[in-house]
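Shown next, in structure tokens, is the structure this report addresses.
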Amino acid sequence: MTVRIAPSVLSADFCRLGDEIAMCDAGGADWIHVDVMDGRFVPSLSFGVKVIEAARRASTKVIDVHLMVVEPERYFDDYVKAGADVLTIHAEAAPHLDRQLSRIKALGCRAGVALNPATPLAMIEEVAHLVDVLLIMSVNPGYGGQQFIAYSVDKIARARRLLDQVGSGAVLEVDGGVSRDTIHRCWAAGADTFVAGNAIFGAPNPQAEIAILRNLCVEQV
Ligand code: DX5
Ligand code: ZN
């Protein structure tokens with residue numbers, strides 16, 4: 001199975017954002033994860049269209065935009081124009097998931113749904129066939145550097161079964177507290193795409209860390 005490592009630029013040095021992203025590209029990152037926060041869906045504010053444009057210029061990889069915002073549909077057009085390849089919305093913030101996923105796809109973008117730790121998988125059961133990316137949050141969204149919530153692993157396993165049951169080829173992504181200590185469990189449960197902020201940008205050698213994380217996604221004897 002493909003393994004994708006997606007550094008989260010939320011933990012990058014913003015004084016050197018372009019260099020940090022280019023460093024991840026050169027270090028073998030598969031996706032570049034861009035966290036948009038509005039101070040309403042989550043307590044903190046992060047950034048918007050300008051940083052997505054900057055990430056697009058600095059990287060040739062998939063720009064994976066995670067929208068932690070209310071009324072996410074207000075941003076679709078601008079963010080796709082800015083260079084987003086994936087737009088992931090939160091099920092908790094988007095009551096009309098069918099409509100919003102279809103709109104994202106109509107813009108030529110991959111459509112993702114994220115679920116908070118307390119949100120049941122059943123929220124996406126009916127639209128699983130429309131989902132290009134299913135993002136399981138393994139922390140409560142809003143901040144980098146939080147501790148991995150261990151019970152997320154069981155949800156990843158159930159998400160894998162659900163996607164397989166409907167014959168979906170969707171990406172199964174995990175976000176929050178992914179590190180050397182937690183990535184293998186997520187991979188073994190069926191995740192294929194791993195967001196990591198603090199683990200990569202907080203490492204003495206971020207490029208080596210990308211490789212270490214990837215290499216942990218194998219059967220262990
Ligand atoms: C959390 C964000 C994450 C965050 C992950 O709300 O969605 O993408 O940057 O950071 P780490 O890997 O440090 O938990
Ligand atoms: Zn994220």
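Values below: all heavy atoms of this structure, side chains included; hydrogens, waters and symmetry mates excluded.
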* After noting the C-alpha distance and the side-chain angles of Val69 and Val36, does the key distance pass the side chain to side chain contact (heavy atoms under 4.5 Å, CB included) rule? -> CA-CA 7 Å; Val69 305; Val36 177; 3.9 Å; yes

* Carefully, step by step, assess Leu87 and Tyr79 under the rule side chain to side chain contact (heavy atoms under 4.5 Å, CB included). => CA-CA 8 Å; Leu87 283 181; Tyr79 288 5; 3.9 Å; yes

* Asked: How far apart are the C-alpha atoms of Met23 and Asp25, what are their side-chain angles, what is the distance that settles it, and do they pass the side chain to side chain contact (heavy atoms under 4.5 Å, CB included) test?
  -> CA-CA 5 Å; Met23 178 269 294; Asp25 258 43; over 6 Å; no

* To do: May I have the step-by-step check of side-chain hydrogen bond (donor to acceptor under 3.5 Å, both in side chains) for Asp175 and Ser138, ending in yes or no?
  => CA-CA 6 Å; Asp175 183 7; Ser138 42; over 6 Å; no

* To do: Walk me through it: do Leu115 and Ile124 pass the test side chain to side chain contact (heavy atoms under 4.5 Å, CB included)?
  => CA-CA 9 Å; Leu115 300 176; Ile124 57 102; 4.1 Å; yes

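Under the 30°/60° scheme for interplanar angles, the aromatic rings of His66 and His90 are found to lie parallel.
Looking at Glu173, its side chain never comes within 3.5 Å of a backbone N or O of Val195 through a donor-acceptor pair. The main-chain N or O of Thr119 is never found under 3.5 Å from a side-chain atom of Asn116 such that the two would form a donor-acceptor pair. Judged by distance alone, with hydrogens and angles left aside, the side-chain atoms of Arg110 form no donor-acceptor pair with the main-chain N or O of Val86 at under 3.5 Å. The main-chain N or O of Pro7 is never found under 3.5 Å from a side-chain atom of His33 such that the two would form a donor-acceptor pair.
Hydrophobic clustering, with ILVMFWY side chains joined whenever heavy atoms are under 4.5 angstrom apart, groups Val49 together with Leu107. Residues Met137 and Met123 are members of separate hydrophobic clusters, defined by side-chain heavy-atom contacts under 4.5 angstrom among Ile, Leu, Val, Met, Phe, Trp and Tyr.
Tyr143 meets the side-chain contact (heavy atoms from CB on, under 4.5 Å) test with Pro43, Ser44, Gln146; sequence neighbours excluded. Not counting sequence neighbours, Asp78 has no partner by the salt bridge (Lys or Arg N to Asp or Glu O under 4.0 Å) test. Every salt bridge (Lys or Arg N to Asp or Glu O under 4.0 Å) that Arg74 has, sequence neighbours left out, goes to Glu71.
A salt bridge is absent between Arg161 and Asp164: the closest approach of a Lys/Arg side-chain nitrogen to an acidic carboxylate oxygen does not fall below 4.0 angstrom. Checked for salt-bridge contact, Arg214 and Asp30 meet the test: a charged N lies under 4.0 Å from a carboxylate O. Ion pairing between a basic and an acidic side chain is recognised when a charged N comes within 4.0 Å of a carboxylate O; Lys105 and Asp132 show such pairing. Here Lys81 does not pair with Glu53 in a salt bridge; the nearest charged N to carboxylate O distance is not below 4.0 Å. Using a cut-off of 4.0 Å between Lys/Arg side-chain N and Asp/Glu carboxylate O, Arg4 and Asp64 are scored as not salt-bridged. Salt bridge annotation for Arg158-Asp154: present, with a cationic side-chain nitrogen under 4.0 angstrom from a carboxylate oxygen.
Ser152 has its side chain out of reach of Val174: every pair of non-hydrogen atoms, C-beta onward, lies at least 4.5 Å apart. At a threshold of 4.5 Å between non-hydrogen side-chain atoms, the residues Glu20 and Ile200 do not count as touching. Side-chain contact between Phe47 and Val9 is present, with heavy atoms from C-beta onward closer than 4.5 Å.
Considering all non-hydrogen atoms of both residues, Ala191 and Ile156 come closest at N-CG2, 3.6 Å. Of all heavy-atom pairs spanning Gln100 and Ile89, the tightest one is CB-CD1, 3.7 Å. Nearest heavy-atom pair, Ala150 versus Arg185, reported as atom, atom and distance to 0.1 Å: CB-NH1, 4.1 Å. Of all heavy-atom pairs spanning Pro72 and Ala94, the tightest one is CG-CB, 4.3 Å. Shortest non-hydrogen contact noted between Ile32 and Ala29 is CD1-CB, 4.3 Å. Nearest heavy atom pair, residue Asp35 against residue Ser8, reads OD2-OG, 2.8 Å.
Here the straight-line distance linking atom SG of Cys186 with atom NZ of Lys155 works out to 12.5 Å at 0.5 Å rounding. Taking CZ from Phe194 and CD1 from Ile183, the interatomic distance works out to 5.0 Å, rounded to the nearest 0.5 Å.
Of the residues Leu135, Thr88, Leu130, Leu101, the one that meets the side-chain contact (heavy atoms from CB on, under 4.5 Å) test with Val113 is Leu101.
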